[in-house]
Amino acid sequence: MDMIAGAAQIESNPFVVLTFIVAPAILTNASALMVLSTSNRFARAIDRARELSRQIEEAIRESNTEYERLHTELLITENRAVLLLRATRSFYFSLGAFAFAVFVSLFGAGLVSMGYHAFDRLLSLSAIASVFFAVSGLVVGSVLLFYETRLVVGILQDRIKRLNTGKI
């Protein structure tokens, strides 16, 4: 009886289906934007690592005292790149999970509209679980970006401190 009432609600209210489809679709777009942004940050971190490696090679050749500082900054840049890579993976996972949620919702809506109710609960739970995992992926990726940003700010603060003390 409960499934029949749910099917009647879906058939009488198109917004129910749209909610299951549009919300993950919008969040899929958000995930894609996070992937683009994180990929750009990752590319900048890699460029910075290359530049630091070049500077370290010069410092070694010239017996420069900057080697230790450059090496520390290179290690921090490596940590940045690792965090950014993990964040990108998390956002890609979210993209896939949101796409799966939209597919399952469309498939379930199609079955219900044709009168098949055998898989209502399974498809509903699959869509809900997929959205839960997808949102979790967005949160994890965002937390990783927060930590990466803290590393960048730490490098900047260290540079400013060295400039103010004349140790550059």
Side-chain angles (χ1 to χ4, degrees), residues 17-109 122-168:
V17 174
L18 287 175
T19 300
F20 279 113
I21 295 168
V22 172
I26 289 172
L27 291 171
T28 299
N29 189 33
S31 297
L33 289 174
M34 294 300 283
V35 166
L36 288 173
S37 169
T38 305
S39 296
N40 185 34
R41 291 167 79 162
F42 182 73
R44 293 188 67 164
I46 295 300
D47 289 343
R48 181 64 184 148
R50 287 183 183 137
E51 176 62 22
L52 286 167
S53 295
R54 187 190 60 74
Q55 290 177 11
I56 287 172
E57 288 172 5
E58 285 179 16
I60 290 171
R61 276 195 306 267
E62 299 171 5
S63 299
N64 193 332
T65 59
E66 286 289 299
Y67 171 80
E68 201 60 42
R69 179 191 63 83
L70 292 169
H71 185 261
T72 300
E73 192 172 330
L74 181 61
L75 292 175
I76 292 170
T77 302
E78 178 190 23
N79 287 338
R80 282 185 62 204
V82 169
L83 286 171
L84 290 166
L85 184 60
R86 289 175 56 199
T88 302
R89 286 180 187 152
S90 185
F91 294 138
Y92 274 124
F93 172 80
S94 292
L95 273 170
F98 284 130
F100 181 74
V102 169
F103 171 75
V104 168
S105 297
L106 282 171
F107 185 67
L122 176 65
L123 293 173
S124 294
L125 288 175
S126 296
I128 291 168
S130 182
V131 168
F132 173 79
F133 287 124
V135 170
S136 297
L138 276 178
V139 170
V140 167
S142 296
V143 168
L144 292 168
L145 288 180
F146 171 77
Y147 285 120
E148 184 269 342
T149 302
R150 284 185 52 196
L151 287 175
V152 173
V153 170
I155 292 170
L156 181 61
Q157 289 173 333
D158 182 59
R159 286 183 188 166
I160 290 171
K161 186 188 304 182
R162 282 187 289 106
L163 275 172
N164 289 337
T165 58
K167 293 184 179 180
I168 232 175

Original post:
At their closest point, which heavy atom of Phe107 faces which heavy atom of Leu123, and how far apart are they?
Top reply: CD2-CD1, 3.9 Å
**OP:** Return yes if some donor-acceptor pair links the side-chain N/O of Ser53 with the main-chain N/O of Ala49 below 3.5 Å, else return no.
**Re:** yes
Subject >> By side chain to side chain contact (heavy atoms under 4.5 Å, CB included) - contacts of Arg44 (at least two apart) >> reply: Asn40
Original post:
How many angstroms lie between CE in Met34 and OH in Tyr92, if you round to the nearest 0.5 Å?
Top reply: 13.0 Å
**OP:** To the nearest 0.5 Å, tell me how far Asp47 CG sits from Thr77 OG1.
**Re:** 11.0 Å
Original post:
When rounded to the nearest 0.5 angstrom, what is the spacing between CG in Leu74 and CZ in Arg50?
Top reply: 12.5 Å
Subject >> Side-chain donor/acceptor of Ser130 to backbone N/O of Ala97, under 3.5 Å >> reply: yes
Original post:
Does Ser94 use its side chain to pair, donor to acceptor, with the backbone of Val135 at less than 3.5 Å?
Top reply: no
Original post:
Does any non-hydrogen side-chain atom of Leu75 lie less than 4.5 Å from one of Asn79?
Top reply: no
Original post:
Is it true that atom CZ of Arg54 has more than 12 heavy atoms of other residues, nucleotides or ligands lying nearer than 6.0 Å?
Top reply: yes
Subject >> Thr88 side chain to Val35 backbone, donor-acceptor under 3.5 Å >> reply: no
**OP:** For Arg41, check side chain to side chain contact (heavy atoms under 4.5 Å, CB included) against everything at least two apart and list the hits.
**Re:** Ser37, Leu84, Leu145, Glu148, Thr149
**OP:** Identify which one of Glu73, Arg69, His71 satisfies the side chain to side chain contact (heavy atoms under 4.5 Å, CB included) criterion when paired with Leu52.
**Re:** Glu73
Original post:
Counting N and O atoms only, with roles assigned by atom type, does the side chain of Thr165 sit under 3.5 Å from a partner on the main chain of Lys161, one being a donor and the other an acceptor?
Top reply: yes
**OP:** Kindly write out the residues that satisfy salt bridge (Lys or Arg N to Asp or Glu O under 4.0 Å) with Glu57, not counting sequence neighbours, or none if the list is empty.
**Re:** none
Original post:
Which atoms form the tightest heavy-atom contact between Ser31 and Phe91, and what is the distance?
Top reply: CB-O, 4.0 Å
**OP:** Of all the heavy-atom pairs spanning Tyr67 and Ile56, show the shortest one and how long it is.
**Re:** CE1-CG2, 3.5 Å
**OP:** Using the test salt bridge (Lys or Arg N to Asp or Glu O under 4.0 Å), find all partners of Glu68 that sit at least two apart in sequence or belong to another chain.
**Re:** none
Subject >> All side chain to side chain donor-acceptor pair (under 3.5 Å) counterparts of Gln55, not counting sequence neighbours >> reply: Glu51
**OP:** Output all residues satisfying ring-ring contact (aromatic ring centres under 6.0 Å, His included) with Phe133, sequence neighbours left out; order by chain, then residue number.
**Re:** none
**OP:** Hey, could you give me the CG/OH distance between Leu83 and Tyr147, rounded to the nearest 0.5 Å?
**Re:** 10.0 Å
